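Sharing a structure with you now.
Protein chains get the first letters and strands the later ones, always in sequence-line order, with residue 1 at the start of each. Keep in mind the model is a prediction, meaning the values are calculated, not measured.
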Amino acid sequence: MTWLTAPLLAGALLAPQDDPPPTGFPGLPVGHAPRVEIPWNRLYDLEELYAHLDRLVEAYPDLLERRVLGRSIENREVRLYVLHDRRTGEDRGKPAMWIDGNVHGNEVQAGESVAYVAWYLLENHGHNPRVDALLDRCTFYLVPSVNPDGRARWFAEAHTASSSRTGLRPVDDDRDGVADEDPTNDLDGDGHITQMRKHVPGEGTHRLHPDDPRRMERVPVDERGLRGDWILLGREGVDDDGDGRLNEDGLGGYDMNRAWPSDWQPTHVQRGAGDYPLFWPETRAVASFLYEHPNIAAVQSFHNAGGMILRGPGAEVFGEYPAEDLRVYDSLGEDGERMLPFYRYMILWRDLYSVFGGFATWTYEGLGIISFTNELWSRSRRYPEPERAPDDPHWFDDHLLSSAGFVDWAPYDHPLYGPIEIGGWKKDVGRVPPSFLLEEELHRNAMFCLEHAQAMPEVSLVPEGPTLTELGDETWALDVVLRNARRIPTRTARAAEQSIGMPDVLVLRGRKVRVLASGVHTDRFRPEALKLTGDEPRRVLLERGVPGLGEVRVRFLVQGEGEFTLQYRSQKAENILHKGLLE
Amino acid sequence: MRVLQLALAALLAAPPLQAQQGVDPVPVLPHRDLQLALARATQSNIVSRLLVGESRGGRQIEALRIAGGTLEAGRPAILLVAGLEGPEAWTSGLALALTRELVQGYDADPAVRRMLDTTTVYVIPRANPDACEARFERVQQEVRASGPGTDEDRDARRGEDGPQDIDGDGVIAWMRVPMAGGGWVADAVDPRVLVPAEGTTVGRWRLVPEGLDADGDGAVAEDAPLDVEVNRNFPAGFEEHTPRAGRFATQEPATRALCDFVLTHRDLQLVLVYGEHDTVADPRDPVPDDAPDVKRVPPTGPRASDAAYLADLAQRYVEHTGDEAGTRGDDSGTFARWCSEHRGLWTLAIDPWTVPLGDAPEGEAPQPSEEARALAWLEASGVDAHLGWQPFDHPLLGPVEVGGFRPYALAEPPAEARTALVPGQLAFLTSLNADLARLALAEVTSSDLGGGLLEVRATLTNTGRLPLLGVWARRTRATRPVRIELALPEGAQLLGGSRVQLVEELAGSREHELRWIVRGSGTPTVLVDSDHAGRVRATCEEVPR
């Protein structure tokens, strides 16, 4: 394809061409507008998000393919979009990166982050040699929403920033024999679940902030007892089931990111884990795909919020990951910290909280794949100069969003509490960026994915090819050097130590060639220093694969003449077939 | 030797473990016959057949529900599971025999009738039909795994070198390879039996499974085509990254189906599992009721209070059955462990039969190993338990001998011994009826407090011996507590007490007092609702005026 590039560029300068007129949009060279325009400064409900990706499928049928992994509890599709250049081979034959988002239904911009990766790569294909090379060499498996029910309901219904995290299988949270019968209620019908407060002069725990009555302050307790004028009554709702408690059994009630099989613990140890690993159809569909696609060599999962690039272990009991793999993690994590302002590269259990049955911990500990979870959106980005940040939590909303994020307190007559006030932050404040910062968030995270994808193993024979040394009597030493040009090894230390998947294998064959012995060089200056292969010397097994940015040197001692073939097979790198001649 | 081999072939033509003349009361049945037996069982109107799921091999896993009386929601239930491991295929017959005895006892034995009118018994006679079916294959082999093969020998090929019947005698057994230092020597009394070389003794043989070196890597039968075992694939104590456990817990359809059965049968209180593991004779050490979690993970083992109840049950089991043998073994990933650790159910893993040991010679005479004594007992009981050792010229290993214990000989009791198990197991099973927690509501009374106020009182009683929920059941929260509701007539008003309350803790034969203050006329009703210990309601007697 490279010879095409020059004439095309020349044509662009000299003659009218088919591309749309220049619009100068970022990420593409000047002179190209995207085939599919997607405003990236807003969020899309499930159908809109799927529709954008479907438009991309239509515009780029040779590159993007839509599949259905499975169906949710409420029968929505869990969609997978497969992105790669089909002219350069099957998706399963290439190292692949898995990118998903929105396993927590409310963590919505995770879905746009996945979609942006597809859009960016597609729109730059044919214009940017690095993008072309990536789509030649790699596959992307993109799942914009692992929890389509949670996403759909977060958009369609009244919620908080944190609700609709769960899937939609009913759970009897309050253990009274009835499931999902006491959710929050949008009492004032404004489409938001906010807070309830009641005025109880002289008997409350809180008072209004002197400068801003929207804000509540806890009154310090002293020997005179309570002296605030207000009490807080929690999220908007009533006691639907008449059991004396409010909002204690909402829809669903579990966490699909505690359901993955490695280090899974039951619900009484890890809340929300489900009754056994992969309990829900969404999780089982995703896991089946991952188990059946050993070509996946990189994993990124998107969540919100907090500005984090997380790696496992999820639980302290696990210990620490092997040093070889940590070098890869650290190198990518440090790149990520540079690419993503205010993001911190962190260890899940140590720096955030401990999680059993997390997704990205499973894909590493169970599947042996270098995996990250990004918590999108750091509130620090509201004030990039921290020394200028005000104390007032409303300042940003008031001055940069015209107070659009807050529902002002308004009176309401509650069936249990009597006259109260309802008000508070809307669901799209706190965990998702405001529109004008969203696109930057998506772009930087997409580029972090591409950095990770670039690091997937790329193995070749050294350019000079295998070398032959004649030993006499028609016997030869055939030295093969396999070199990995990328950071991620073909077999992580975790995969090797736990016998995950298949080892790499290098096979020598020839009609008139007999392999007498073989082994892996352990000392480049001593050709006889070989870790010898077992009873089948024509197959050299590489349990630890080809290291990242490193090489493996193999020697075959052979007898015979004529043609031979060398075949290198790996589950996470493109296979190599080399033909040579004993002479 | 040829004569011997022919004799062996003649023996093999008959079923390997010959049943007695007439009908075998505890037959060892292949899947198809088992399904017929299940169909026959439903001729009784207290038995229904339920589909549990389908195995990886497409075989149906079924349960029988045995229940007389009215099948009200919340009625306590016992689950009996058998046929979970391949070598234990015979336990399906024991489970079916107990079913038959219960059905007959319903008409003939008042104790059985009392039980079945108030308790539901679920029987899953063959939980792992794929592995059990190997027992009935033309070529005999003890098979545990029924799930997908892994690359056990790490040669980038999956399941390419499993055991084979290399001498064509219809049995896949063992090969002993002469080798100084090989780790095995002949038993001092019965030289057919091999025992590990211990101390300064130099081993004479290597012992390897019967097979070739199909993949030419110099190792024999080291990568079997099937690996995952259903009864290693449950989530409790699951061992990720071991071939027999599977890639993830509940990967095997049979495993998941069994889990789903337990999850959807919330009436279960007690689980009995017939198989290789025995927690009756060999329970796990208890941990204190308040044992703290270690790095968020609770220590394994029954909580002391729960262990005491289990020990009572175990003692009664021994009294009824005389069976004191059996070992827990490595129970990681087993069904019984899941029921107990993750679901908080009262669970007993029972190995209902262990080969008795023949007598050991007295005095200074050389002592036989346990295997040799087991063999002596089996042969005295007429079981053709050992194949002997037949010379074979192995393409890789050279001259070897093929033989050893006949598959299933050590796991499966002969017909008479199977039959003898039924009365004791039945008596134990029937005795459990009195253990189950069961809720009763003593008379609901009310007294006039004056001023139009009534005090309503009720006493909730657990008439069983087991607590409503054990310590661990309360921690797992897998079984929901009792829900008590006071339903008031139109116009009445609750002035004191909770309209709805949940009770988790109620020991056997204990009472829980309930009180409410009500204003208004009419008669309040107390509704007691549980999934596993019954549902009762009582309406207040006439209010004294």
- Query: Highest number of heavy-atom pairs under 4.5 Å with chain A: which of B:R154, B:E152, B:Q501?
  - Reply: B:R154
- Message: For the interface with chain A, which of B:D151, B:D215, B:T150, B:L263 has the highest count of heavy-atom pairs at distances below 4.5 Å?
- Response: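 Result: the option with the highest number of such pairs is B:L263.
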- Message: I need the contact set between residues 220-245 of chain B and chain A: heavy-atom distance under 4.5 Å, sorted by residue number.
- Response: B:P235, B:E240, B:H241
- Closest non-hydrogen atom pair, B:D155 against A:R539: O-NH1, 2.8 Å
- Could you please spell out the steps behind the side-chain contact (heavy atoms from CB on, under 4.5 Å) verdict for B:E485 and A:D243? CA-CA 9 Å; B:E485 182 181 347; A:D243 69 347; over 6 Å; no
- Message: I'd like to know which of B:D260, B:D531, B:V482, B:V262 tops the heavy-atom pair count under 4.5 Å against chain A.
- Response: B:D260
- Query: Is it the backbone or the side chain of B:R266 that comes under 4.5 Å from a heavy atom of chain A, or both, or neither?
  - Reply: neither
- Which bit of A:S262 comes within less than 4.5 Å of chain B, counting heavy atoms only: side chain, backbone, both or neither?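 Both backbone and side chain of A:S262 come within 4.5 Å of chain B.
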- Just wondering, are more than 12 heavy atoms of other shown residues or ligands nearer than 6.0 Å to CD in B:E504?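 Yes, because the 6.0 Å sphere around CD of B:E504 holds more than 12 heavy atoms from other groups.
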- Task: Could you look at A:D241 and say if it's the side chain, the backbone, both or neither that has a heavy atom under 4.5 Å from chain B?
- Result: backbone
- Task: Go through B:H342, B:R475, B:R483 and name the one with the most non-hydrogen pairs under 4.5 angstrom from chain A.
- Result: B:H342
- Message: Just so I understand: if I count every heavy-atom pair under 4.5 Å between each of B:V297, B:D293, B:D529, B:T476 and chain A, which residue has the most?
- Response: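 Max contact count across the listed options: B:T476.
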- A:V317 to B:V294 - nearest heavy-atom pair and separation: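 Scanning both residues completely, I find the closest heavy atoms to be CG1-O, 4.1 Å.
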- Is there a donor-acceptor contact under 3.5 Å from the side chain of B:R499 to the main chain of A:G242?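 A pair under 3.5 Å: yes.
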- Message: Any non-hydrogen side-chain atom of A:Y291 less than 4.5 Å from a side-chain atom of B:F248?
- Response: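 Touching, per the 4.5 Å side-chain cut-off.
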- Message: Between B:E341 and chain A, with a heavy-atom cut-off of 4.5 Å, which part of the residue counts as in contact: side chain, backbone, both or neither?
- Response: backbone
- Region of A:I500 in contact with chain B, defined by heavy-atom distances below 4.5 Å: both
- Under 4.5 Å from any heavy atom of chain B - which part of A:S499: both
- What residue in A:A315, A:P277, A:G534 has the most heavy-atom pairs under 4.5 Å with chain B?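 That would be A:P277.
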- Any side-chain heavy-atom pair of B:P298 and A:V269 under 4.5 Å: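 In short, these two side chains touch, coming nearer than 4.5 Å.
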- Query: Counting only heavy atoms not in B:R477, do more than 12 sit closer than 6.0 Å to its CZ atom?
  - Reply: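 Not buried by this count: 12 neighbours or fewer within 6.0 Å.
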- Message: Is it the case that atom CD in B:E490 sees more than 12 heavy atoms from other parts of the structure closer than 6.0 Å?
- Response: no
- Roughly how far, to the nearest 0.5 Å, is CG of A:D535 from CG of B:L396?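 The CG atom of A:D535 is 7.5 Å from CG of B:L396, to the nearest 0.5 Å.
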- Task: Between chain B and each of A:A287, A:P261, A:P503, count heavy-atom pairs under 4.5 Å; write down the option with the most.
- Result: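 So the answer, after comparing A:A287, A:P261, A:P503, is A:P503.
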- Item | Under 4.5 Å from a heavy atom of chain B, the part of A:Q270 involved |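 Answer is both: backbone and side chain atoms of A:Q270 are under 4.5 Å from chain B.
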- Query: Take atom CZ in B:R296; do more than 12 heavy atoms of anything else shown fall under 6.0 Å from it?
  - Reply: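 For B:R296, atom CZ is crowded (more than 12 foreign heavy atoms under 6.0 Å).
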- Message: So for B:T250, is it side chain, backbone, both, or neither that comes closer than 4.5 Å to the heavy atoms of chain A?
- Response: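 Both backbone and side chain.
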- Let me know if A:Q265 has heavy atoms under 4.5 Å from chain B in its side chain, its backbone, both or neither.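 When you check distances to chain B, only side chain atoms of A:Q265 fall under 4.5 Å.
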- Heavy-atom pair with the smallest gap, counting every atom of A:F356 and B:K295: CZ-O, 4.1 Å
